[in-house]
Amino acid sequence: SRARVEGTPRRPARFAMTETEDDATEAAYQKALRALQTTISGKTRAAPKGPADLSWEDQFERLRLYLDRLGMTEDVDALRAIHVAGTKGKGSTCAFAEHIMRECGVKTGLYTSPHLVDVRERFRIDGKPVSKKTFTREFWWLFNACRSKCADLGGPPAYFRFLTLLGFRIFAQEKVECAILEVGLGGRLDATNLVRSPTVCGVTSLGLDHVEVLGDTLAKIAAEKAGIFKPRVPAFTSPQIAEAMEALQKRADELGVVLQTAPPLRSYARGASSPDSADEIELGLAGAHQKQNAALAVRLVREWAFRERPKWGPAAESLLAAGELPETFRSGLAKTEWWGRAQVVPDPESESDEENADADATEGGSDDAKTSGSAKDASGSASASLVWYLDGAHTEESMAQCAEWFCDATTEGRKESSLDAAATAATQTGDDAEEGPSPAERDGSANAAASPASPASPATPLTPEPPPPVRVLLFNCMEERDPRTLLAPLAKTLRDRRAPLTHPALFAPAESSSKGLKPDTAASEDLAWQNKMVRVWDDLARKHPGASLLSVAPPDGGEPGGGGGADGPRDAPGDSVPEPEPETSASSARAAAGVAAAAVPSLRQAVEKIRSVASEQRRLKTGRRVHVLVAGSLYLVGDMLRVLGRA
């Protein structure tokens, strides 16, 4: 999986929802979306309840009435489901499981939330979002049935509950063999928990999130997640801290459920005794934390096959019992793609610019120009002068993982280049080993191999280390979240990994929200929330010297701390961090004034500012790539996919 961390991953087609539209026209689909919009109330579960409002518990129980009246209870009970709850990683775990299933020849239905670009992403049949034709047909069946048969219940239920019922309807009509269901929020009272007899249940890593609804301790949150456990249905969990594990186990014991921790991925690897043996198993999703999600997915699929007895099940079980991962499982893990999670997207405009430059150089440019275009970087991935790193991380733990991924991805090329140089020097020194060590080598000189006076002097130049990248943050989070909680892990990781931001962080509103299906691309006149995040980042950059190379003036007028200093981290020998290049965007004024961040009225304006930075680097021929981390909200990431032409 590492090959996809540094540069372009296996390049997916756009959110290509390939389909033959016979009966369902675009107009009919849009009409269905307008009707779906009427189910969005704008209320949150944590909002104060009026005298006529039902409790969360009552709303969940009412959904069973919907199933009965709509004649869907039997269909839902018949689903051979894998049900997954958790705080982080549940979507990735479901994606891994779904890809393994498809490699085994199982017809799958995958239900996840939220969607990034198109609501049909929530309903995937054999890995593809349902067609507009299917969505429109099943939508109107359910919408009209709710109005006619459940009028006294208020007609169609609220947005997420309605979509969950729609997912059940689609999976039943498509006759999927395995339904993989990602919990939306919590577990106990989530609409997906209408499934009374899943084949197997899973819980991914737990953390503090949605505390206003689920509880303010890990134990309370774990108890809500464990609400998906059912009698006589086995359950598996990723490793948890003691407080969370105790709460999960307590609920399992109450129901007589056998709860097990999924074995680590390395237990299935060839040469499993090595601590790094899990690296031998290729994963399609980047990030060290994905090993844990993949391990849970493998165990869930194994249990599903053991209980459902597909034709391929016995052979797979024999291999797994012997500690060997079947090739279909390996292939499924390697092919897994999950949009908006550790996703790397080269900027299409910068790619076009470089292709034009390459063409000009080929037609008659200098030799230098011919080699300065879109070359291969150290990882072997096609390079681009501007690369977007998209991750919908929106919890404290997932932001920490996202930060580690971004730092690793944007420093790996330089590390490998240095290693290549060292290896070349070592090899060339070894060629002359018979002649004995030079005086410098006997004295322990680190530069002996490269010394012009040394007999081991290289015949060819060493691979030069690429110039340091320009790192930028583009961030937004929902207002019910604490931006400091999300940004602090990023600041700490940038500091600790010596991968600082070298351009002011940009905070821009997302175009999409929970309030509607249609993105709002207009510039925002109210930037109060973005300005609050700017102040938070300025403060964090000051408190974590090295997170940003921009000089951040402390409020008391003391010495700036953003670039290091007496209390800042010391650079390792040979690993000094260069001073930032002058930037040409409007945010440079804030940087000059000692501010590490800026609020921008719209996402598209932020994108243009960043593109101007990349354009300036190309004009100056610095060779510096611009790496942009986009994080904090799946809405923001989905909007970026749309802006980048991946929608």
*Kindly say whether Cys402 contributes a backbone atom to a donor-acceptor pair with the side chain of Asp391 at under 3.5 angstrom?*
no
*salt_bridge(Asp118, Arg120) N-O dist < 4.0 Å*: yes
*Taking all non-hydrogen atoms of both residues, which atom of Leu506 and which atom of Ala606 are closest, and how far apart?*
CD1-O, 4.0 Å
*Which value, rounded to the nearest 0.5 Å, describes the distance between Lys225 atom NZ and Asp190 atom CG?*
8.5 Å
*asked:* Determine whether a donor-acceptor pair (N or O, by modelled atom type, separation under 3.5 Å) exists between the side chain of Glu337 and the backbone of Leu285.
replied: no
*Would you say the side-chain atoms of Glu224 pair up with the backbone N or O of Lys220, donor to acceptor, closer than 3.5 Å?*
no
_Looking at Gln59 and Leu54, would you say the former's side chain and the latter's main chain have a donor-acceptor pair under 3.5 Å?_
yes
*Between Gln37 and Arg34, is there a donor-acceptor pair closer than 3.5 Å when you use the side chain of the first and the backbone of the second?*
no
_Straight-line distance of Ser205 OG to Lys88 NZ, nearest 0.5 Å_ = 3.0 Å
*Examine the side chains of Thr411 and Arg497 and answer whether a donor and an acceptor come within less than 3.5 Å of each other.*
no
*Are Val607 and Trp388 side-chain neighbours, meaning at least one heavy-atom pair lies under 4.5 Å?*
yes
*After noting the C-alpha distance and the side-chain angles of Arg484 and Asp539, does the key distance pass the side chain to side chain contact (heavy atoms under 4.5 Å, CB included) rule?*
CA-CA 9 Å; Arg484 184 174 296 274; Asp539 183 58; 3.0 Å; yes
*asked:* To the nearest 0.5 Å, what is the distance between CG on Leu206 and OG1 on Thr87?
replied: 4.5 Å
_Taking every non-hydrogen atom, the tightest pair across Pro500 and Leu549_ = CG-CG, 3.6 Å
*With sequence neighbours excluded, residues passing ring-ring contact (aromatic ring centres under 6.0 Å, His included) with Phe406*: Tyr389
*asked:* Looking at every heavy atom in both Gly287 and Trp405, which two are closest together, and how far apart are they?
replied: N-CD1, 4.3 Å
*For the atom pair CZ (Arg625) and CG (Asp347), what is the distance rounded to the nearest 0.5 Å?*
12.0 Å
*Does Ala596 offer a backbone N or O that forms a donor-acceptor pair with the side chain of Asp538 under 3.5 Å?*
yes
*So do Glu511 and Arg604 actually touch side chain to side chain, heavy atoms under 4.5 Å?*
yes
*Heavy-atom distance under 4.5 Å between the side chains of Trp537 and Leu490, does that happen here?*
yes
_Working for side chain to side chain contact (heavy atoms under 4.5 Å, CB included), residues Leu110 and Phe123_ = CA-CA 6 Å; Leu110 175 62; Phe123 322 100; over 6 Å; no
*Heavy-atom donor-acceptor pair, Trp529 side chain to Cys477 backbone, under 3.5 Å*: yes
*Return yes if a side-chain donor-acceptor contact under 3.5 Å exists between Thr395 and Ser398, otherwise no.*
yes
*Find the distance between CE (Met640) and OG (Ser512) and round it off to the nearest 0.5 Å.*
12.5 Å
*Between Glu98 and Arg124, is there a salt bridge with N-O shorter than 4.0 Å?*
no
*Under the ring-ring contact (aromatic ring centres under 6.0 Å, His included) rule, collect the residues that match up with Phe162, sequence neighbours excluded.*
Phe139
*Where the side chain of Ser633 meets the backbone of Met478, is there a donor-acceptor pair that is under 3.5 Å apart?*
no
*N/O donor-acceptor pair under 3.5 Å between Ser92 side chain and Gly89 backbone*: no
*side-chain hydrogen bond (donor to acceptor under 3.5 Å, both in side chains) with Ser385: which of Gln617, Arg611, Arg618, Glu349?*
Arg618
*Go through the side-chain N and O atoms of Tyr111 and Thr164 and say whether any donor and acceptor fall under 3.5 Å apart.*
yes
_Counterpart residues, ring-ring contact (aromatic ring centres under 6.0 Å, His included), relative to Phe475 (two or more places apart)_ = Phe507
*Measure the shortest side-chain to side-chain distance between Tyr159 and Ser514 over non-hydrogen atoms and say whether it is less than 4.5 angstrom.*
no
_One pair to check against side chain to side chain contact (heavy atoms under 4.5 Å, CB included): Leu116 and Glu121. What are the steps and the verdict?_
CA-CA 8 Å; Leu116 294 177; Glu121 300 161 35; 3.6 Å; yes
*asked:* A side-chain contact here means heavy atoms from C-beta on lying under 4.5 Å apart; do Val600 and Leu527 qualify?
replied: no
*How many angstroms lie between NE2 in His627 and CG in Leu473, if you round to the nearest 0.5 Å?*
14.5 Å
_pair Asn476-Met533: side-chain heavy atoms closer than 4.5 Å_ = yes
*Can any side-chain N or O of Asn193 pair as donor or acceptor with the backbone N or O of Arg188 at less than 3.5 Å?*
yes
_Side chains of Gln401 and Glu397, donor plus acceptor under 3.5 Å_ = no
*State, to 0.1 Å, how close Ala247 and Ala223 come at their nearest heavy-atom pair, and which atoms those are.*
CB-N, 4.2 Å
*Is there a side-chain contact between Val472 and Val613, using heavy atoms and a 4.5 Å cut-off?*
no
*Would Leu194 and Tyr66 count as a side chain to side chain contact (heavy atoms under 4.5 Å, CB included) if you check the C-alpha gap in whole Å, the side-chain angles of each, and the deciding distance to 0.1 Å?*
CA-CA 11 Å; Leu194 290 172; Tyr66 278 92; over 6 Å; no
*Is the shortest heavy-atom distance from the side chain of Glu525 to the side chain of Pro601 under 4.5 Å?*
no
*Is Asp496 salt-bridged to Lys492, going by a charged N under 4.0 Å from an acidic O?*
no
*Which atoms form the tightest heavy-atom contact between Leu494 and Cys407, and what is the distance?*
CD2-SG, 3.7 Å
